[in-house]
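Below is one structure, written out as structure tokens; comments come after it.
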Amino acid sequence: MASRALREVGLLELYETIERPLVPVLAHMERAGIRVDRQRLDEFSRELELALERATRDIYVHAGEEFNIGSPKQLATILFEKLKLPPLRKTKTGYSTDADVLEQLALGHELPAKIIEHRTLAKLKSTYADSLPTLINARTGRIHPSFNQLVAVTGRLSSSNPNAQNIPIRTELGRRIRAAFVAEAGHRFLAADYSQIELRILAHVSGEESLVEAFRRGEDIHRRTAAEVFGVPLDHVTPQQRDVAKTTNFAVIYGVTAFGLSRGLDMTQKQAQEYLNQFFARHPKVKGYLTRTVAEGRERGYVSTLLGRRRYLPELRSGNPNLRGFGERMATNAPIQGTAADLVKIAMVRVARELAARGLRSRMLLQVHDELLFEVPQAEIETMRTLVQEKMENVHSLSVPLLVELGVGPNWRDVE
DNA sequence: GGGAAAGGCTTG
DNA sequence: GTACGAGCCTTTCCCA
């Protein structure tokens with residue numbers, strides 16, 4: 001019987017208290033769906049079309065001929081054969097033309113920047129502005145994403161048809177897509193985000209005092225890291241130093257390598273290695289935690305989250321150094337990403353339970369890994385602010401506080 | 001004509 | 001040779 005097998009591997013509680021109760025919560029979210037403003041997207045699509053036509057004409061002029069801009073193969077021929085620009089990186093089948101490469105090439109020619117612009121516009125148009133309206137359900141007038149519980153190996157959810165977890169936010173143009181996700185008349189969206197949840201989990205599981213103390217004091221964690229790594233007082237940290245520290249912090253969570261960090265920071269591998277050495281010198285317990293986690297994974301064959309969720313990693317015993325390296329990065333990342341996923345899922349179950357128990361009309365609509373989005377009747381806004389923040393922040397007691405940031409607004413872009 | 005692979009871009 | 005986890009789009013290739 002399944003529950004006996006789960007009990008034997010210590011996963012019964014995870015199943016009974018998190019995964020199974022989550023099923024009806026996800027079902028409710030899928031049935032609820034979310035409203036998107038078709039007119040707004042259609043209008044934006046027409047604007048994008050005009051911008052694409054302009055960009056296309058520009059590109060043909062700079063290239064000296066017409067070609068299919070959507071074809072990396074044809075683009076590579078133009079850039080690296082016709083225009084003799086330097087090929088910076090290879091793919092399996094030819095020369096890479098990705099955004100990183102094009103940004104470098106843009107320093108020496110006008111065409112690459114135009115290609116980037118064209119790709120940005122084409123992406124927004126095809127994936128979002130033109131696709132989302134086709135997914136509007138005729139009966140509900142809303143789109144109904146699927147939340148997949150059995151896809152991501154770390155325990156995260158994924159989302160499809162559409163993927164509601166990669167709606168643009170980083171650029172002004174992209175945020176116009178987000179603005180088309182609108183709350184029902186008489187309602188507002190309430191967005192609740194965990195602040196720095198993965199770094200807080202790293203602080204907790206490693207026991208690293210400098211991180212734990214910084215979070216307890218409510219400090220800017222990247223600034224604090226910069227001060228330590230660069231050996232300067234907190235108020236002498238430059239924005240550039242903070243940026244380096246921020247990237248380094250993420251690199252550690254991702255399973256750090258000097259190579260990867262050097263790419264992220266646009267510096268030599270040697271310089272990146274020096275930052276890492278300095279980081280680990282100042283954070284010895286983080287170093288110890290990472291080493292311990294990999295060793296344990298190698299011995300047991302799997303690594304675990306705080307709540308016992310497992311990721312099996314046979315790669316850790318591979319004789320192939322490349323494969324083993326992958327395994328080691330996955331081993332350091334999975335417990336952190338997976339613990340965050342566990343905590344968010346628990347919070348979802350508890351918030352849903354509270355909504356039902358109190359007969360509230362607010363509905364949970366989306367989960368984006370460390371964020372929950374609710375549709376809230378005007379009259380319930382203050383109640384929901386308090387309820388959601390309390391349930392999320394107190395989901396589990398750690399050695400550092402969990403902080404949730406709230407925003408309210410008429411659409412998913414303008415929540416503040 | 002259709003499916004799979006490749007390359008690329010979006011997000012946390 | 002490399003950052004961790006996903007999904008969707010267009011082009012290209014290959015086979016029936």
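The structure displayed is predicted, hence computed values, not measured ones. Reminder, nothing fancy here: chain letters follow the sequence lines and each chain counts from 1. Side chains included, hydrogens not; waters and symmetry mates left out as well; all remaining heavy atoms used.
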TODO: Under a 3.5 Å limit for both distances, which nucleotide forms a Watson-Crick or G-U wobble pair with C:dC4, could you say?
DONE: B:dG12
Short heteroatom pairs, N/O only, protein and nucleotides 5-12 of chain C, under 3.5 Å:
{"residue": "C:dG5", "atom": "OP1", "partner": "A:Arg311", "partner atom": "NH1", "Å": "2.8"}
{"residue": "C:dG5", "atom": "OP1", "partner": "A:Arg311", "partner atom": "NH2", "Å": "3.0"}
{"residue": "C:dG5", "atom": "O4'", "partner": "A:Gln337", "partner atom": "OE1", "Å": "3.2"}
{"residue": "C:dG5", "atom": "O4'", "partner": "A:Gln337", "partner atom": "NE2", "Å": "3.1"}
{"residue": "C:dG5", "atom": "N3", "partner": "A:Arg156", "partner atom": "NH1", "Å": "3.3"}
{"residue": "C:dA6", "atom": "OP1", "partner": "A:Val153", "partner atom": "N", "Å": "2.9"}
{"residue": "C:dG7", "atom": "OP1", "partner": "A:Ser158", "partner atom": "OG", "Å": "2.9"}
{"residue": "C:dG7", "atom": "O4'", "partner": "A:Asn163", "partner atom": "ND2", "Å": "3.0"}
{"residue": "C:dC8", "atom": "OP1", "partner": "A:Asn161", "partner atom": "N", "Å": "2.8"}
{"residue": "C:dC9", "atom": "OP1", "partner": "A:Ser131", "partner atom": "OG", "Å": "3.1"}
{"residue": "C:dC9", "atom": "O3'", "partner": "A:Ser126", "partner atom": "OG", "Å": "3.4"}
{"residue": "C:dT11", "atom": "OP1", "partner": "A:Asn68", "partner atom": "OD1", "Å": "3.4"}
{"residue": "C:dT11", "atom": "OP1", "partner": "A:Asn68", "partner atom": "ND2", "Å": "3.2"}
{"residue": "C:dT11", "atom": "O3'", "partner": "A:Ser71", "partner atom": "OG", "Å": "3.3"}
{"residue": "C:dT12", "atom": "OP1", "partner": "A:Ser71", "partner atom": "OG", "Å": "2.5"}
{"residue": "C:dT12", "atom": "OP1", "partner": "A:Gln74", "partner atom": "NE2", "Å": "3.2"}

Open item on the list: So if I take residues 387-406 of chain A and measure heavy-atom distances to DNA chain C, which residues fall below 4.0 Å?
Closed with: none
- [ ] Looking at every strand, decide which applies to A:Ser96 at a 4.0 Å heavy-atom threshold: base, sugar-phosphate, or nothing.
- [x] sugar-phosphate
Task: Non-neighbouring partners of A:Arg31 that pass salt bridge (Lys or Arg N to Asp or Glu O under 4.0 Å), sequence neighbours left out - done: none
- [ ] Could you tell me whether A:Arg170 contacts a base, only the sugar-phosphate backbone, or nothing, with contacts defined as non-hydrogen atoms closer than 4.0 Å?
- [x] base
TODO: For A:Ser146, report the nucleic acid contact type (base, sugar-phosphate, nothing); a contact means any heavy atom under 4.0 Å.
DONE: nothing
- [ ] Select base, sugar-phosphate, or nothing to describe what A:Ala334 touches, counting heavy atoms under 4.0 Å on all strands.
- [x] nothing
Task: Set of side chain to side chain contact (heavy atoms under 4.5 Å, CB included) partners for A:Pro162, sequence neighbours left out - done: A:Leu132, A:Leu135, A:Ile143, A:Pro145
Open item on the list: By the 4.0 Å heavy-atom rule, please label A:Phe326 as base, sugar-phosphate, or nothing.
Closed with: sugar-phosphate
Task: Residues touching DNA chain B, which here means a heavy atom under 4.0 Å, drawn from residues 261-283 of chain A - done: none
Task: P gap between C:dT2 and B:dG8, integer Å - done: 13 Å
Task: Whole-Å P distance, C:dA3 and B:dA6 - done: 16 Å
Side-chain polar contacts of residues 403-414 of chain A - donor-acceptor pairs under 3.5 angstrom, sequence neighbours left out - could you list them?
{"residue": "A:Asn411", "atom": "OD1", "partner": "A:Arg413", "partner atom": "N", "Å": "2.8"}
{"residue": "A:Asn411", "atom": "OD1", "partner": "A:Asp414", "partner atom": "N", "Å": "2.8"}
{"residue": "A:Asn411", "atom": "ND2", "partner": "A:Asp414", "partner atom": "OD2", "Å": "2.9"}
{"residue": "A:Trp412", "atom": "NE1", "partner": "A:Glu371", "partner atom": "OE2", "Å": "3.2"}

